[in-house]
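Take a look at the structure set out below.
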Amino acid sequence: MNHYICETCGVQYEKQSQKPKSCPICLEERQYVRPSGQTWTTLEKMQQQSFHNEWIQEEEFLHSIKTVPEFAIGQTAYLIQHQGYNVLWDCITYLDEKTMEEIKERGGLDAIALSHPHYYSTQVEWAEAFNVPIYIHEDDKEWVMRPSDHIIYWSGEKLTLTEGLTLHRLGGHFKGAAVLHWERGDQGRGVLLTGDVIQVVADRKWVSFMYSYPNLIPLPPEKVEEIQGKVRPLRFNRLYNAFHRIVEEEANQAVQRSAERYIQAVRGVLFQT
């Protein structure tokens with residue numbers, strides 16, 4: 001019996017005697033199955049290979065954690081240390097004793113919060129290691145491949161984890177897709193951590209929005225207008241995505257003008273034909 005892990009998306013499954021026949025997350029149109037076919041591993045196998053997690057201090061009270069060599073989607077997790085309350089934002093698949101010691105040295109964990117299903121990875125392993133809750137929006141409950149009593153399905157448009165740390169449901173990429181607003185981040189100017197619900201593009205003064213990134217399926221302009229409106233009241237100067245791309249300053253303004261550009265492009269306003 002093993003908790004198998006999909007090598008394409010990095011999500012861990014409930015314990016079973018044989019490898020799953022398929023990964024519903026990868027079969028769905030927002031993800032993909034590699035041309036070579038569906039392959040599986042386990043955390044135990046990964047721990048016997050050359051994987052390790054690299055830590056970067058992004059700013060005061062914020063560290064990023066990324067697996068090297070890159071595995072599956074290759075996203076970054078973030079540890080936010082906020083007035084004695086530590087939250088892991090999004091999750092990565094690889095977990096070992098060294099990573100657990102690094103987190104314990106920084107005060108441990110009080111909670112894990114997820115932006116959307118592509119980053120669920122081995123979230124239950126992390127939650128069991130630190131005996132903490134996992135916060136997932138109830139709209140994405142169907143995509144949980146390893147159930148656990150540690151998972152708390154929240155509802156509505158926002159959830160305050162502790163004063164100054166609030167989850168906001170934006171939807172778009174997934175129905176329950178969420179971002180984390182850290183009010184005291186960036187020396188009190190505010191930080192928004194977005195996974196790829198809001199994606200920082202090559203020009204770091206802009207962001208974009210997609211239903212599927214690997215398959216290049218856009219969101220309808222009405223949905224981007226909705227996301228734009230939900231973000232507008234939040235006070236944040238900096239934005240971190242899941243791939244070490246950062247909007248360093250005036251990030252909310254970047255989201256607003258990027259949404260306008262996106263809407264104009266999808267509606268054909270930007271193009272001369």
Side-chain angles (χ1 to χ4, degrees), residues 9 25 28-32 73-76 78 89-90 113-119 136-140 142-143 154-159 165-183 185-186 189-273:
C9 70
I25 291 174
E28 202 260 350
E29 65 265 17
R30 280 166 284 202
Q31 186 55 10
Y32 63 94
I73 294 173
Q75 75 271 14
T76 301
Y78 290 90
W89 169 246
D90 278 332
L114 280 298
S115 64
H116 72 289
H118 289 155
Y119 303 156
I136 291 173
H137 198 279
E138 65 177 5
D139 286 346
D140 290 339
E142 65 180 291
W143 302 107
W154 61 282
S155 61
E157 297 305 300
K158 68 178 183 178
L159 174 72
L165 282 173
T166 304
L167 298 170
H168 294 266
R169 189 191 76 87
L170 300 187
H173 188 37
F174 273 80
K175 187 176 180 181
V179 296
L180 177 61
H181 184 214
W182 178 27
E183 293 181 18
D186 189 24
R189 290 182 286 265
V191 161
L192 196 69
L193 297 108
T194 64
D196 57 10
V197 177
I198 298 174
Q199 180 68 288
V200 182
V201 298
D203 182 343
R204 306 301 169 85
K205 295 180 181 178
W206 297 83
V207 301
S208 196
F209 319 83
M210 294 287 278
Y211 180 73
S212 168
Y213 291 97
N215 299 321
L216 302 178
I217 305 172
L219 287 170
E222 295 78 14
K223 175 53 69 174
V224 174
E225 284 180 325
E226 182 182 323
I227 292 171
Q228 179 187 31
K230 288 181 176 180
V231 169
R232 188 179 292 116
L234 305 180
R235 187 183 63 83
F236 62 95
N237 183 60
R238 185 169 292 170
L239 185 150
Y240 292 88
N241 81 343
F243 299 97
H244 272 121
R245 288 185 175 181
I246 305 165
V247 181
E248 293 278 357
E249 295 183 346
E250 298 183 345
N252 199 329
Q253 295 93 315
V255 173
Q256 299 306 312
R257 66 172 177 268
S258 297
E260 292 295 337
R261 182 173 74 171
Y262 179 101
I263 292 163
Q264 291 180 15
V266 172
R267 289 178 174 163
V269 178
L270 287 183
F271 306 111
Q272 300 292 327
T273 59

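Residues: numbered from 1 along the sequence shown.
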(request) Might you work through the side chain to side chain contact (heavy atoms under 4.5 Å, CB included) test for Leu234 and Leu192, ending with a clear yes or no? (result) CA-CA 9 Å; Leu234 305 180; Leu192 196 69; 4.1 Å; yes

(request) Not counting sequence neighbours, list each pair that qualifies as a ring-ring contact (aromatic ring centres under 6.0 Å, His included) and has a residue in residues 217-241. (result)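 Output for this query lists Tyr78-Tyr240.
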
(request) Tell me, please, which residues at least two apart from Trp182 pass side chain to side chain donor-acceptor pair (under 3.5 Å). (result)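 Expected list: His82.
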
(request) Not counting sequence neighbours, which residues clear ring pair (Phe, Tyr, Trp, His ring centres under 6.0 Å) with His118? List them please. (result)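 Testing His118 for ring pair (Phe, Tyr, Trp, His ring centres under 6.0 Å), a comparison that skips the adjacent residues, returns His116, His173, Phe174.
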
(message) Working note: Asp90 + Leu114, criterion side chain to side chain contact (heavy atoms under 4.5 Å, CB included); need CA distance, chi angles, decisive distance, verdict.
(response) CA-CA 5 Å; Asp90 278 332; Leu114 280 298; 3.7 Å; yes

With sequence neighbours left out, write down each residue that passes side chain to side chain contact (heavy atoms under 4.5 Å, CB included) with [X], or none if nothing qualifies.
| X | result |
| --- | --- |
| Glu260 | Gln228 |
| Lys223 | Leu219, Pro220, Glu226, Ile227 |
| Gln264 | Val269, Leu270 |
| Gln199 | Asp196, Tyr213, Asn241, Phe243 |

Write down the atom of [X], the atom of [Y], and the distance for their closest heavy-atom approach.
| X | Y | result |
| --- | --- | --- |
| Trp89 | Ala178 | CH2-O, 3.5 Å |
| Val255 | Phe209 | O-CZ, 4.2 Å |
| Val201 | Ser208 | CG1-CB, 3.8 Å |
| Pro218 | Tyr262 | CB-OH, 3.2 Å |
| Ser115 | Gly195 | OG-CA, 4.2 Å |
| Gly172 | Tyr211 | O-CD1, 3.9 Å |

(message) My understanding is that only one of Thr166, Leu167, Leu165 makes a side-chain contact (heavy atoms from CB on, under 4.5 Å) with Leu159; could you say which?
(response)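 By the side-chain contact (heavy atoms from CB on, under 4.5 Å) criterion, Leu159 pairs with just one of Thr166, Leu167, Leu165: Leu167.
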
Can you list the residues that meet the salt bridge (charged side-chain N to carboxylate O under 4.0 Å, His left out) rule with [X], with sequence neighbours excluded?
| X | result |
| --- | --- |
| Arg189 | Asp186 |
| Glu222 | Arg267 |
| Glu250 | none |
| Asp140 | none |

(request) Check step by step if side chain to side chain contact (heavy atoms under 4.5 Å, CB included) holds for His168 and His181. (result) CA-CA 7 Å; His168 294 266; His181 184 214; 3.9 Å; yes

(message) Just verifying a value: how many Å separate His137 NE2 and Trp154 CH2, rounded to the nearest 0.5 Å?
(response) 4.5 Å

(request) Mind checking the CD1-CD spacing from Ile217 to Glu29? Nearest 0.5 Å is all I need. (result)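 Separation between the atoms: 6.0 Å.
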
(request) Enumerate the residue pairs fulfilling salt bridge (Lys or Arg N to Asp or Glu O under 4.0 Å) with a member in residues 172-182, sequence neighbours excluded, ordered by first and then second residue. (result) none

(message) Just so I know, are the side chains of Leu239 and Val191 near enough to count as touching, which here means a heavy-atom distance under 4.5 Å?
(response) no

(message) Before you tell me yes or no, could you show the steps for Glu248 and Arg238 under salt bridge (charged side-chain N to carboxylate O under 4.0 Å, His left out), namely the whole-Å CA-CA distance, both residues' side-chain angles and the distance that decides it to 0.1 Å?
(response) CA-CA 5 Å; Glu248 293 278 357; Arg238 185 169 292 170; 3.4 Å; yes

